[in-house]
Amino acid sequence: MDTGGLVLVYTGNGKGKTTAALGLALRQVGWNRKVLFIQFMKGKGNVYGERVAAERFLPLLEIEQHGRDEFVNLGNPAEVDAELARKALRRAGEAMASGEYGMVVLDEVNVAMAAGMIDPSEVLAILDKRHKDTDVVLTGRYCPKEIEDRADMVSEVREVKHHFKRGVPARKGVEY
Ligand code: ATP
Ligand code: MG
């Protein structure tokens, strides 16, 4: 059965959404499928192990950071942040339509929608135009209902406990 590309969502307040998407990306690469992993609201000054690993070992996995190094004010995002998010979305849309990629990941795009920087209808529009064999992954808390309705798979990661709550700071290899 040729199901075509799938729309896969990881949302919820527990830890594991971005890393789940990275796991899928790794699987794609194993089958020689190119992956574009777009990180919304993340500046290039933030070094993540996955980006270093991809640059060193995984030419088929392209990780792009679109955003400033500063945190986005989610309650009232700056216009410069919204513009960077819209640019990232255009890039994602082109990549999804091109047929060049087996998978395109829009990491934290749900948060960009929840903060009002991107309208869910714009995400639905690029999903409509994507190449039929390209899988798309959307991550981030607060996934809007209309996106969940369109998705083929939605997993909600629920926090049971997190080491941060007892004061363990972000660690290499675990958080970044
Ligand atoms: P990861 O990148 O580890 O898969 P995530 O994508 O599910 O996590 P985000 O909501 O994107 O998590 O948050 C990013 C950062 O916040 C991560 O470094 C993560 O460890 C941390 N984090 C995630 N969930 C929680 C939580 N429930 N409490 C505290 N910190 C969290
Ligand atoms: Mg994340």
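Counting starts at 1 for both ligands and their atoms, in listed order. All figures in this text were calculated on a predicted structure; none of them were measured in a lab.
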Connected via hydrophobic side-chain network under 4.5 Å: [X] and [Y]:
X    : Y    : result
M96  : L8   : no
L106 : Y10  : no
V109 : V105 : no
M117 : M113 : yes
L58  : V104 : no

Taking atom 11 (O) of ligand 1 as the reference point, the nearest protein heavy atom with its distance:
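Answer, as residue, atom name and distance: E108 OE2, 2.6 Å.
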
In the protein, which heavy atom is nearest to atom 4 (O) of ligand 1, and how far is it?
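The protein heavy atom lying closest is T19 OG1, 2.7 Å.
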
Cation-pi check, K172 onto Y48 ring (under 6.0 Å, within 45° of axis):
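No, K172 and Y48 do not form such a contact.
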
Which ligand 1 atoms, with their elements, are less than 4.0 angstrom from a heavy-atom of E159?
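Answer for ligand 1: 26 (C), 27 (N), 28 (N).
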
Enumerated ligand 1 atoms positioned under 4.0 Å from heavy atoms of N13
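That gives atoms 24 (N), 26 (C), 27 (N) of ligand 1.
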
Below 4.0 angstrom, counting only protein heavy atoms, does anything approach atom 2 (O) of ligand 1?
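Under 4.0 Å from atom 2 (O) of ligand 1, at least one protein heavy atom found.
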
Short side-chain donor-acceptor distance under 3.5 Å, [Y] and [X]:
X    : Y    : value
Q28  : D135 : yes
E175 : H163 : yes
E62  : Y101 : yes

Given K17, M41, R141, which has its nearest heavy atom closest to atom 24 (N) of ligand 1?
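Residue with the shortest heavy-atom distance to the ligand atom: R141.
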
Which option, K42, H162, E175, R171, owns the non-hydrogen atom nearest atom 31 (C) of ligand 1?
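Considering heavy atoms of K42, H162, E175, R171, the nearest to atom 31 (C) of ligand 1 sits in H162.
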
Shell of protein N/O/S atoms around the Mg ion (ligand 2), taken as anything under 2.8 Å
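Near the Mg ion (ligand 2), the protein supplies T18 OG1, E108 OE2.
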
With K145 via salt bridge (Lys or Arg N to Asp or Glu O under 4.0 Å) - residues at least two apart:
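Listed in chain order: D149.
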
Between ligand 1 and G16, can you find any atom pair, the residue atom being a heavy atom, that is separated by under 4.0 Å?
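It does, in that a heavy atom of G16 comes within the 4.0 Å cut-off of ligand 1.
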
When only distance counts, is F164 in polar contact with ligand 1, meaning an N/O pair under 3.5 Å?
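No: no nitrogen or oxygen of F164 is under 3.5 Å from one in ligand 1.
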
